Amino acid sequence: MATAKKSTTKKSIKSSAVIQFQGAEYSEADCIKKATAAFKKAYKGVELEALDVYIKPEEHKIYYVGNSDRVGSVDL
């Protein structure tokens, strides 16, 4: 009698994040899009390889670090 193997493949989980602050909502995806666009505008010709995003709703700002050494910000 053969034993059935269990599949070890994990399903990817869809997720999203929304920041709610003083009656406004900011989605993670929109913040990343804005930070990416700001990076490309500020650093023309530089390929974006990594992006860290810091959202500060109390300042109405998105701060970003691109490629570990290029920084900037954009309004929420």
Side-chain angles (χ1 to χ4, degrees):
M1 192 166 171
T3 307
K5 281 187 171 181
K6 277 191 172 181
S7 177
T8 57
T9 305
K10 291 186 178 182
K11 291 182 181 178
S12 62
I13 298 171
K14 280 190 158 185
S15 63
S16 66
V18 176
I19 298 157
Q20 296 179 327
F21 182 75
Q22 294 183 342
E25 288 189 354
Y26 309 100
S27 75
E28 173 191 25
D30 287 342
C31 291
I32 291 171
K33 283 180 190 176
K34 284 185 175 186
T36 300
F39 177 91
K40 289 179 179 180
K41 184 176 180 182
Y43 299 101
K44 289 181 170 75
V46 176
E47 183 179 348
L48 182 59
E49 297 173 4
L51 183 69
D52 296 315
V53 175
Y54 304 89
I55 303 160
K56 295 193 75 177
E58 69 276 12
E59 294 178 14
H60 298 283
K61 288 283 191 185
I62 302 166
Y63 296 92
Y64 64 85
V65 179
N67 299 343
S68 302
D69 63 351
R70 299 210 161 70
V71 298
S73 67
V74 65
D75 291 336
L76 275 171

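What you see is a predicted model, and the numbers here were worked out from it, not measured in a lab.
- Ile62 contributes atom CD1, which lies 6.0 Å from atom CD1 of Ile55 (distance to the nearest 0.5 angstrom).
- Applying the salt bridge (charged side-chain N to carboxylate O under 4.0 Å, His left out) definition to pairs two or more places apart or across chains, none involves residues 21-37.
- Listed by first and then second residue, the salt bridge (charged side-chain N to carboxylate O under 4.0 Å, His left out) pairs involving residues 62-76 are Lys61-Asp75 (not counting sequence neighbours).
- Nearest heavy atom pair, residue Tyr26 against residue Pro57, reads CE1-CB, 4.4 Å.
- For residues 40-69, every residue pair satisfying the ring pair (Phe, Tyr, Trp, His ring centres under 6.0 Å) rule, not counting sequence neighbours, is listed here: Phe39-Tyr43.
- Residues Val74 and Val46 are members of one and the same hydrophobic cluster, defined by side-chain heavy-atom contacts under 4.5 angstrom among Ile, Leu, Val, Met, Phe, Trp and Tyr.
- Residues satisfying the side chain to side chain donor-acceptor pair (under 3.5 Å) criterion with Lys56, sequence neighbours excluded, are Glu59.
- From Cys31, atom SG reaches atom CD1 of Ile19 across 5.0 Å, with rounding to the nearest 0.5 Å.
- Atom OG1 of Thr36 sits about 5.0 Å away from atom CG of Leu51, to the nearest 0.5 Å.
- Rounded to the nearest 0.5 angstrom, Asn67 CG and Asp52 CG are separated by 10.0 Å.
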